[in-house]
Amino acid sequence: MSWKPMTVQPMMKTGDNNDADPTGSSFAATAQGTFDGVDLQQLAQHIATPFHAYSATAIRQRINELQTALAGVDAMICFAVKANSNLAILQLMASAGVGADIVSVGELRRSLHAGMPPERIVFSGVGKSADEIAGALNVGIARFNVESLDELHTLQQVAKAQQMTARVAVRINPDVDAQTHAKISTGKSENKFGVSIDEARRWFAERRQLTHVQLDGLHVHIGSQILSLDPFRLALQRVAAFWRELERAGHPINSIDVGGGLGVCYRAGEDHPVAAVDYVATIREALAGYQGRILLEPGRYLIAEAGVLLTRVIRIKQGAERQFLVLDAAMNDLQRPSLYDAWHDIVPVSDASRPMTRYDIVGPVCETGDTFAREREMPECVAGDLLLIKATGAYGASMASTYNSRPLAAEVLLNQGRYAVVRRRQHFEEMIAGEQPARHWETL
Ligand SMILES: *Cc1c(COP(=O)(O)O)cnc(C)c1O
């Protein structure tokens with residue numbers, strides 16, 4: 001298998017990072033219906049809805065905020081690829097100096113393909129197979145975030161067979177409640193992620209028996225869409241206490257990975273995200289005195305608010321009790337509302353000074369769960385209206401499926417008045433590629 005990276009084609013000159021968005025508001029698509037300087041009505045004349053649009057300016061702004069807050073810290077930002085794995089997004093991350101946090105060989109290959117240097121890639125996840133471990137070791141990734149003793153032993157065996165040394169961080173489960181949706185909480189002792197501090201202590205005590213593993217890192221990731229500093233602080237304090245204990249016991253810690261989880265604003269006026277500078281201050285404070293490298297794995301924070309899903313109203317259906325606004329986007333394009341009961345602000349693209357009404361906003365998929373919002377107050381709509389579902393840049397396209405045989409939607413990158421299609425809408429032939437009638441029946 002060849003994993004040779006293609007050369008990085010920087011998508012912008014270095015130095016562009018600091019440029020403020022001339023429109024002054026790249027995150028919020030403006031009332032005039034532009035997003036990163038692109039007129040969305042016009043864009044939707046060229047590209048069939050539904051499609052995802054991402055603002056490169058907004059993404060760079062977020063990266064820049066975090067990098068600025070981290071000034072003077074030996075830090076590496078590794079974007080959680082699962083949040084948005086489009087190659088153009090990964091390429092943009094790579095050219096801004098951001099690495100990758102991956103959870104599968106597919107994500108590894110995407111990252112390398114986008115020009116991410118292996119030394120900026122870390123590998124997380126409870127279910128890394130021996131093959132995946134071998135592949136990642138072979139290309140020389142920075143570090144494995146190991147989540148079980150069995151995985152640690154597999155890594156030792158694979159590294160030994162390849163005559164290599166694997167750099168390892170143990171993922172600590174700090175037993176902290178991230179105060180977020182149960183399905184995106186990962187740092188409670190009942191969750192499948194990480195190991196207890198007691199177990200990690202035993203790993204370190206026996207680390208010298210691991211001849212091909214360099215166990216010198218700690219990792220923690222307590223959950224996602226976290227809107228308060230408290231759970232971060234609590235988790236980091238526990239990690240810091242453990243790091244100090246390990247250092248005293250003669251186990252040097254060269255890397256502490258603080259995970260991701262920074263929340264974003266999905267509901268204007270209700271969600272109050274933590275500012276990057278305050279988040280980083282909490283890290284600095286909790287890890288005061290620590291000399292090694294700090295890794296961060298933000299996913300949502302870097303991309304969620306930089307993305308919107310463009311969709312048209314197919315029709316308005318008057319139900320017995322409710323009015324349904326039926327869109328051409330569905331749960332296969334954006335799963336978060338059906339999977340997590342997530343709120344997304346939904347607004348008409350055209351400045352609509354129309355009377356307000358209430359809709360259940362639904363897609364065409366044959367599931368009651370295919371609902372973006374219930375009894376949502378909105379300006380009255382008519383068939384054909386273009387709507388924006390906001391803050392869909394993270395866990396939107398990357399979680400999409402072809403359920404109901406709906407092709408994967410296009411993805412478009414916007415950058416200061418220009419756009420590039422970075423994934424065209426899937427063709428029917430691509431959707432059925434690999435399927436075939438049962439012609440040859442095999443016996444075992
Ligand atoms: C999903 C995940 C992240 C990113 O989480 P966000 O909430 O998107 O920042 C980071 N690290 C690990 C290990 C993850 O599983």
Side-chain angles (χ1 to χ4, degrees), residues 59 62-63 65-66 75-86 89-90 93 98-104 106-108 111 120-128 132 136 141-148 151 168-174 176 178-188 191-195 217-229 231-232 235-236 239 255-266 271 273-274 276 279-280 283 294-307 335-336 339-340 342 391-399:
I59 298 167
R62 280 283 160 110
I63 295 170
E65 269 173 43
L66 208 48
M76 180 163 80
I77 301 172
C78 294
F79 172 62
V81 172
K82 70 179 192 282
N84 189 317
S85 43
N86 185 289
I89 298 298
L90 299 181
M93 297 287 171
V98 172
D101 168 39
I102 58 159
V103 292
S104 70
E107 288 188 356
L108 174 60
S111 302
R120 280 200 226 135
I121 298 176
V122 298
F123 195 170
S124 305
V126 293
K128 305 176 194 82
E132 287 182 303
I141 65 162
R143 196 166 275 280
F144 291 85
N145 292 329
V146 172
E147 307 218 14
S148 65
E151 184 191 339
V168 166
V170 50
R171 175 165 177 179
I172 303 293
N173 184 321
V176 164
Q179 297 156 24
T180 184
H181 191 286
K183 283 187 186 163
I184 51 177
S185 181
T186 58
K188 292 275 288 166
N191 297 139
K192 70 178 176 181
F193 299 99
V195 303
L218 299 177
H219 173 234
V220 67
H221 171 74
I222 55 171
S224 203
Q225 183 56 10
I226 300 171
L227 294 170
S228 154
L229 284 172
F232 288 120
L236 289 174
V239 168
S255 149
I256 296 181
D257 185 330
V258 302
L262 262 185
V264 300
C265 180
Y266 284 110
D271 295 338
V274 166
Y279 172 65
V280 170
I283 297 172
I294 296 177
L295 271 54
L296 298 91
E297 302 172 338
R300 194 185 307 273
Y301 174 78
L302 293 182
I303 182 111
E305 291 175 67
Q335 274 207 56
R336 297 191 67 260
L339 194 57
Y340 312 124
T392 54
Y395 308 104
S398 66
M399 290 179 104

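Indexing begins at 1, ligand by ligand and atom by atom, following the structure's order. The first residue of the sequence shown is numbered 1, and numbering continues consecutively from there. Treat the numbers as computed from the prediction; the structure is a model and nothing was measured.
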What atoms of ligand 1 come within less than 4.0 Å of a heavy atom belonging to Asp101?
10 (C), 11 (N), 12 (C), 13 (C)

Under a 4.0 angstrom heavy-atom cut-off, which atoms of ligand 1 come close to Gly299?
4 (C), 6 (P), 8 (O), 9 (O)

Can you confirm, on distance only, whether ligand 1 has an N/O atom lying under 3.5 Å from any N/O atom belonging to Gly259?
no

Report yes if the side chains of Glu65 and Tyr301 come closer than 4.5 Å at any heavy-atom pair, otherwise no.
yes

Close approach of Tyr395 to ligand 1, heavy atoms, under 4.0 angstrom:
yes

Measure the distance from atom 7 (O) of ligand 1 to every protein heavy atom, then report the residue, atom name and distance (to 0.1 Å) of the closest one.
Ser224 OG, 2.2 Å

Below 4.0 Å, non-hydrogen atoms only: which portion of His221 touches ligand 1? Side chain, backbone, both or neither.
side chain

Between Ile63 and Phe79, is any pair of side-chain heavy atoms under 4.5 Å apart?
no

So do Val264 and Arg62 actually touch side chain to side chain, heavy atoms under 4.5 Å?
yes

Whether Ala83 lies under 4.0 Å from ligand 1, heavy atom
no

Could you tell me if the side chain of Val146 sits less than 4.5 Å from the side chain of Val170, heavy atoms only?
no

Numbered in order shown, the ligand 1 atoms found under 4.0 Å of a heavy atom of Arg300 are 6 (P), 8 (O), 9 (O)

Heavy atoms only, cut-off 4.0 Å: how does Ile226 contact ligand 1, side chain, backbone, both, or neither?
neither

Just need the protein heavy atom nearest to atom 15 (O) of ligand 1, so name the residue and atom and give the distance.
Lys82 NZ, 2.7 Å

Under the 3.5 angstrom rule, does the side chain of Asn191 hit a backbone N or O of Phe193 as a donor-acceptor pair?
no

Ligand 1 atoms in contact with Ser124 (distance to a heavy atom under 4.0 Å):
13 (C)

Counting distance only, does the side-chain N/O of Glu297 pair as donor-acceptor with the main-chain N or O of Cys78 below 3.5 Å?
no

Is it the case that the side chain of Asn145 and the backbone of Arg171 share a donor-acceptor pair, with hydrogens and angles ignored and the cut-off at 3.5 Å?
no

Determine whether Leu262 and Pro298 make a side-chain contact, defined as any pair of heavy atoms from C-beta on separated by less than 4.5 Å.
no

Would you mind checking if Lys128 and Glu151 are paired as a salt bridge, meaning a charged N to carboxylate O distance below 4.0 Å?
yes

Could a heavy atom of Ala394 be found less than 4.0 Å from some atom of ligand 1?
no

Nearest-neighbour protein heavy atom for atom 10 (C) of ligand 1, which is reported as residue plus atom name and distance:
Glu297 O, 3.2 Å

I need the atoms of ligand 1 closer than 4.0 Å to a non-hydrogen atom of Arg171, numbered in the order shown.
13 (C)

Close side-chain approach of Leu218 and Val220, heavy atoms under 4.5 Å
no

Which of the atoms in ligand 1, numbered in the order shown and given with their element, are less than 4.0 Å from a heavy-atom of Pro298?
9 (O)

